[in-house]
Structure formats: C-alpha cells, structure tokens
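Bear in mind that the values here come from a model prediction, so they are computed numbers and not experimental data. Throughout, protein chains are lettered first and strands after them, A, B, ... in sequence-line order, and every chain is numbered starting at 1.
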Number of protein chains: 2
Amino acid sequence: MIDIVKISKALSDPIRYKILLMLLNHKGCTSSQCETDMKGVCNCEIMEEFGMIQSRVSYHMKELCESGLVTEMPKGKWKYYTLKKEAIREYSKELGVIFQL
Amino acid sequence: MIDIVKISKALSDPIRYKILLMLLNHKGCTSSQCETDMKGVCNCEIMEEFGMIQSRVSYHMKELCESGLVTEMPKGKWKYYTLKKEAIREYSKELGVIFQL
DNA sequence: TGTTCATATCAAAAAAACTTGATATAATTT
DNA sequence: AAATTATATCAAGTTTTTTTGATATGAACA
C-alpha cells in the first residue's frame with residue numbers, strides 16, 4: 001500500500017522536487033562521458049544542472065528511490081534514474097480516495 | 001498559484017496527516033465546554049484525541065492553515081478548523097498537470 | 001594488475017523542524 | 001473589574017534532516 005506521508009516527505013524538499021521535474025523533461029544525456037542513448041538521467045547530469053557535489057546528489061537520489069518515485073538502472077559504472085509516473089499517479093489518486101474528493 | 005512543495009511539507013508530518021483525517025471524519029464536537037453545533041474541530045478536541053499539549057496543537061494548526069489545507073473560523077474564544085478539500089483537490093490535480101499523468 | 005572513474009557510505013557539522021514550558025493576548029464569565 | 005478560559009507566541013531544548021568532506025566499493029580500462 002502506498003504511504004502518503006512518506007511520498008509527501010520526498011516531495012517536500014525543493015531540490016528533490018526540481019530533480020523530479022528534471023527527470024520528467026529529460027531528453028537524453030548531453031554529458032560527454034555518459035552514454036547518450038540511455039533513457040534515464042545520470043548522477044553527473046544532476047550534479048551539473050544544480051551545481052551539487054556528488055554525495056549530496058547520491059543522498060537525494062536515494063531518498064527519491066526509497067520513496068518509490070524514482071527507479072534506478074545501473075549500467076556499468078553509471079546509474080540512470082527515471083521518474084516513476086505510476087507512483088505519482090497512485091499518490092494523486094489515493095489522496096482522492098482518502099479525502100473523498 | 002498552488003505551491004506543491006509547501007503542501008507536500010504540510011502533509012509530510014504524521015501528526016498533521018492524522019489531524020487532517022480527523023477533520024475529514026469529524027461529526028461534531030463532543031467536548032463539554034465547546035459549542036457542539038459548530039461544523040469544525042476545535043483545539044481542545046485535537047488535544048484530547050492525540051494527547052497533545054496546547055502549544056503543540058497550535059503550532060501544527062498554524063502550519064496546516066498556512067499551507068492552505070485547513071481553514072480556521074474564530075468563534076468567541078474558540079477556533080474551529082475545517083478541512084479545505086478544494087486545496088487537496090487542487091494539489092492532486094496540479095500534480096497530474098505538472099507530471100503529465 | 002594497477003589506475004581511473006562513478007557511486008555509496010560514513011561521521012561530523014549545520015540547518016531545519018518539532019516539542020515543551022512559560023508567558024502573553026484576547027474573549028468570557030462571575 | 002477580576003478571574004477564568006482558549007489560543008498565540010517565544011525561547012530553549014530536542015530530534016530529524018540535510019550538507020559536507022573523507023573514505024570505501026565496484027566497474028572499466030590501460
């Protein structure tokens with residue numbers, strides 16, 4: 001069952017929210033090192049986009065994955081992240097059920 | 001315009017979430033002191049329900065009001081709170097728009 | 001195999017959120 | 001007007017979350 005408080009907490013940090021929007025609008029990695037044909041966003045892109053250090057990105061991506069809003073796909077030494085729209089859909093829907101909207 | 005991060009933060013505290021559910025299911029104040037014909041929930045009820053001290057309830061109700069999820073109605077020396085379903089509806093809907101669900 | 005590169009984890013520091021007890025304000029009642 | 005009652009606010013303490021720098025792990029490649 002979906003945990004409203006847990007997902008709300010994941011959404012409640014401005015940086016994490018921006019990362020989610022970035023995942024949503026992602027068109028392909030432009031970073032020279034990474035493989036551009038991967039669907040997800042890699043850590044290096046997020047670091048560049050927001051000027052964040054590596055461990056900070058790692059921390060927030062873990063939070064997002066554990067909330068269920070993001071899926072990670074390891075590929076060699078990289079990791080690619082994709083938005084799990086279904087989780088957001090479930091969250092939005094569940095709010096409607098619980099609060100009888 | 002509705003602020004996703006702000007509302008998420010309001011929803012991300014377990015106590016506040018429980019208070020919202022309490023407001024949702026409220027049928028009328030059972031507390032002896034208060035006027036039972038008011039639609040909302042008063043502070044004393046919330047204190048009783050969760051065994052919270054007054055200043056703690058006050059703090060969380062302020063958070064909920066400022067997020068827009070709850071409306072307060074002063075009535076004499078009391079204050080009655082009601083759930084603002086419309087705000088939750090907007091939040092849920094806006095998530096759908098932003099994340100193209 | 002040893003080096004390099006990407007990510008994970010850890011411990012310490014910093015910041016933010018929450019809780020509490022004391023006091024203030026404001027309406028009500030005696 | 002004074003005492004009572006409900007809520008607000010404040011400052012201090014506590015807990016949780018976030019950030020950072022250092023180090024560890026694990027894959028890729030020379």
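For the segment residues 55-68 of chain A, residues with any heavy atom less than 4.0 angstrom from an atom of DNA chain D are, sorted by number, A:Ser55, A:Arg56, A:Tyr59, A:His60.
You'll find that the side chain of B:Trp78 is closest to D:dA6, out of D:dA6, D:dA8, C:dT20. Side-chain proximity of A:Cys42 to the nucleotides D:dT20, C:dT7, C:dC18 is greatest for C:dT7.
Not a single donor-acceptor pair, N or O on each side, falls under 3.5 Å between the base of C:dA6 and the side chain of A:Gln54.
Between B:Lys9 and C:dA17 there is a side-chain polar atom (N or O) within less than 4.0 angstrom of OP1 or OP2. Close to C:dA8, at under 4.0 Å from its OP1 or OP2, lies a side-chain N or O of A:Lys79. Between B:Asn43 and the phosphate of D:dA6, there is no side-chain N or O to OP1/OP2 separation shorter than 4.0 Å.
Using modelled atom types, one side-chain atom of B:His26 and one backbone atom of B:Gly40 make a donor-acceptor pair closer than 3.5 Å. Side-chain atoms of A:Ser92 come within 3.5 Å of backbone atoms of B:Ser92 as a donor-acceptor pair (strictly under, hydrogens ignored).
Under the salt bridge (charged side-chain N to carboxylate O under 4.0 Å, His left out) criterion, B:Glu72 pairs with B:Lys79, sequence neighbours left out. Remark: B:Glu86 pairs with B:Arg89 by the salt bridge (charged side-chain N to carboxylate O under 4.0 Å, His left out) rule, at least two apart or across chains.
Between A:Lys77 and A:Asp13, the residue whose closest nucleotide on DNA chain D is further toward the 5' end is A:Asp13.
With rounding to whole Å, B:Ile15 atom CD1 is found 15 Å from D:dT16 atom C1'. Here C:dA8 presents its C1' atom at 11 Å from CD of A:Glu72, a figure rounded to the nearest Å. Rounded to whole Å, the distance from CE on B:Met52 to C1' on C:dG21 is 15 Å. For the pair A:Met47 CE and C:dA8 C1', the interatomic distance rounds to 13 Å; values are reported in whole Å. Atom-to-atom, CD1 of B:Ile53 to P of D:dA12 comes out at 17 Å; the value is rounded to the nearest Å. When the C1' atom of D:dT7 is taken as reference, atom CD1 of B:Ile46 falls 12 Å away, rounded to whole Å.
B:Tyr81 approaches B:Leu23 most closely through the heavy-atom pair O-CD2, 3.9 Å. Across all non-hydrogen atoms, the minimal contact from B:Met22 to B:Val41 is CE-CG1, 4.0 Å.
Taking CE from B:Met52 and CD1 from B:Ile46, the interatomic distance works out to 8.0 Å, rounded to the nearest 0.5 Å.
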